[in-house]
Amino acid sequence: MTSEHSLKSSIQIAARITEAILAKQLAPGTRLGEQQLADLFGVSRTLIREALMRLATRGIVMVSARRGWFVIEPTASEAREAFEARRVIELGLLRHARPLSKDAIAQLRDHITREQAAIAGDDVGARSYLLGDFHVCLCECLGNNLLSETLRDLTARTTLTAMLRQSSSQAVDSCEDHVHIVAALESGDIDEAERLMLDHLHVVESTLYDVIPNDPLNALRTALTPVSAAKKSKSTASTGKHASVAPSATRKPVANKTTARVKTSRAATAASISSSLSHVSSYSTGKEMKK
């Protein structure tokens with residue numbers, strides 16, 4: 001267990017999970033096992049439960065009494081609501097904004113530089129995180145830290161909807177929009193910055209509804225689809241050809257296969273969560289978490 005994973009605050013743990021979602025490292029529907037997270041962060045399950053309850057209150061995870069905690073899977077309707085809320089917050093902040101200081105403009109330009117580096121380096125996680133975090137950074141630069149946390153949660157929800165749907169060219173376009181918004185703010189043209197932000201959010205939102213609607217029967221439908229082996233057996237049977245069957249004496253015992261599969265599945269899930277949570281700190285906003 002590294003010191004990086006030995007976080008002791010439920011707030012910090014919740015923030016790390018949110019960052020992993022913004023970086024598209026945790027997909028919609030990912031199961032978040034309490035014991036697995038407790039092992040990863042080096043804390044008690046009670047603290048993990050507190051962190052997950054924070055995220056549930058913010059609408060980022062959900063809990064099932066029998067199945068545990070999961071990252072939410074927003075519907076198209078929920079995505080539209082999240083974007084509507086983002087428009088209200090971001091356009092409202094710009095409409096009433098005061099001219100930004102040189103330090104604030106420098107901070108935004110530095111953020112865009114990191115966006116461009118992530119896009120050039122083809123780092124999908126960094127690209128996704130930074131493009132979404134630009135809006136949170138802008139909110140902070142406009143002087144409203146309270147709304148910035150709300151905006152971060154809304155951005156996480158829209159990111160989950162757009163998971164793996166944004167192409168590199170769309171990322172370049174988004175970054176270019178950010179450049180123009182900051183340029184308008186630097187020149188003091190708040191009205192133009194608001195117009196550009198409205199257009200930007202509209203374009204980003206329009207890409208979300210290409211997502212294939214969630215089919216609750218998909219897993220069962222796939223499982224019940226006739227497999228090629230079965231089709232082949234029927235074909236050979238119709239021609240009088242029968243596949244040979246190995247004598248029962250040569251069959252190997254399978255008593256422990258189920259247990260082995262369960263252990264393997266749990267280990268794979270833990271490894272996946274560990275990998276997801278360990279890739280986000282290098283491109284976060286630079287605000288180091290207290291260990």
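Note that the structure is a prediction, hence the values are computed from the model and not measured.
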Under a 4.5 Å cut-off applied to non-hydrogen side-chain atoms, are [X] and [Y] in contact?
{"X": "Trp69", "Y": "Arg31", "result": "no"}
{"X": "Val204", "Y": "Asp177", "result": "no"}
{"X": "Phe70", "Y": "Val61", "result": "no"}
{"X": "Gln116", "Y": "Val179", "result": "yes"}
{"X": "Ile60", "Y": "Asp153", "result": "yes"}

Test of understanding: clusters of I, L, V, M, F, W, Y form through side-chain heavy atoms closer than 4.5 Å, transitively. Do [X] and [Y] belong to the same one?
{"X": "Leu151", "Y": "Leu93", "answer": "no"}
{"X": "Leu196", "Y": "Val88", "answer": "no"}
{"X": "Ile11", "Y": "Ile21", "answer": "no"}
{"X": "Leu138", "Y": "Leu154", "answer": "yes"}

Please name all residues satisfying side chain to side chain donor-acceptor pair (under 3.5 Å) with Arg195, sequence neighbours left out, ordered by chain then number. Glu192, Asp199
If only side-chain N and O atoms count, and only distance matters, is there a donor-acceptor pair under 3.5 Å linking [Y] with [X]?
{"X": "Arg152", "Y": "Thr18", "result": "no"}
{"X": "Gln35", "Y": "Asp39", "result": "yes"}
{"X": "Glu115", "Y": "His111", "result": "yes"}

When you measure from the side chain of [X] to the backbone of [Y], do you find a donor-acceptor pair of N or O atoms at a distance under 3.5 Å?
{"X": "Ser187", "Y": "Ala184", "value": "yes"}
{"X": "Ser128", "Y": "Leu22", "value": "yes"}
{"X": "Asp133", "Y": "Val136", "value": "no"}
{"X": "Glu78", "Y": "Thr75", "value": "yes"}
{"X": "Arg98", "Y": "Gly143", "value": "no"}

Test side chain to side chain contact (heavy atoms under 4.5 Å, CB included) applied to Gln25 and Tyr129, step by step: CA-CA 10 Å; Gln25 302 288 359; Tyr129 178 88; over 6 Å; no
Do Arg86 and Phe83 form a cation-pi contact, if we require the NZ or CZ to be under 6.0 Å from the six-membered ring centre and within 45 degrees of the ring's axis? yes
Output the distance between atom OG1 (Thr30) and atom CG (Leu160), rounded to the nearest 0.5 Å. 8.5 Å
By the definition side chain to side chain donor-acceptor pair (under 3.5 Å), identify the one residue from Glu176, His135, Glu90 that meets it with His200. His135
What's the verdict on salt bridge (Lys or Arg N to Asp or Glu O under 4.0 Å) for Arg157 and Glu81, showing C-alpha distance, side-chain angles and the deciding distance? CA-CA 10 Å; Arg157 291 175 67 88; Glu81 291 179 358; over 6 Å; no
If the plane angle is over 60° it's perpendicular, under 30° parallel, otherwise tilted; pick one for Phe134 and His178. parallel
May I ask you to decide whether Arg87 forms a salt bridge with Glu205, counting only side-chain N to carboxylate O separations under 4.0 Å? yes
Using the rule given for side chain to side chain contact (heavy atoms under 4.5 Å, CB included), can you reason through Asp103 versus Gln107, listing the C-alpha separation, both sets of side-chain angles and the distance that settles it, and then say yes or no? CA-CA 6 Å; Asp103 287 343; Gln107 182 177 343; over 6 Å; no
Salt bridge (Lys or Arg N to Asp or Glu O under 4.0 Å) between Arg109 and Glu186: does it pass, once the steps are laid out? CA-CA 10 Å; Arg109 289 198 174 281; Glu186 187 173 19; 2.5 Å; yes
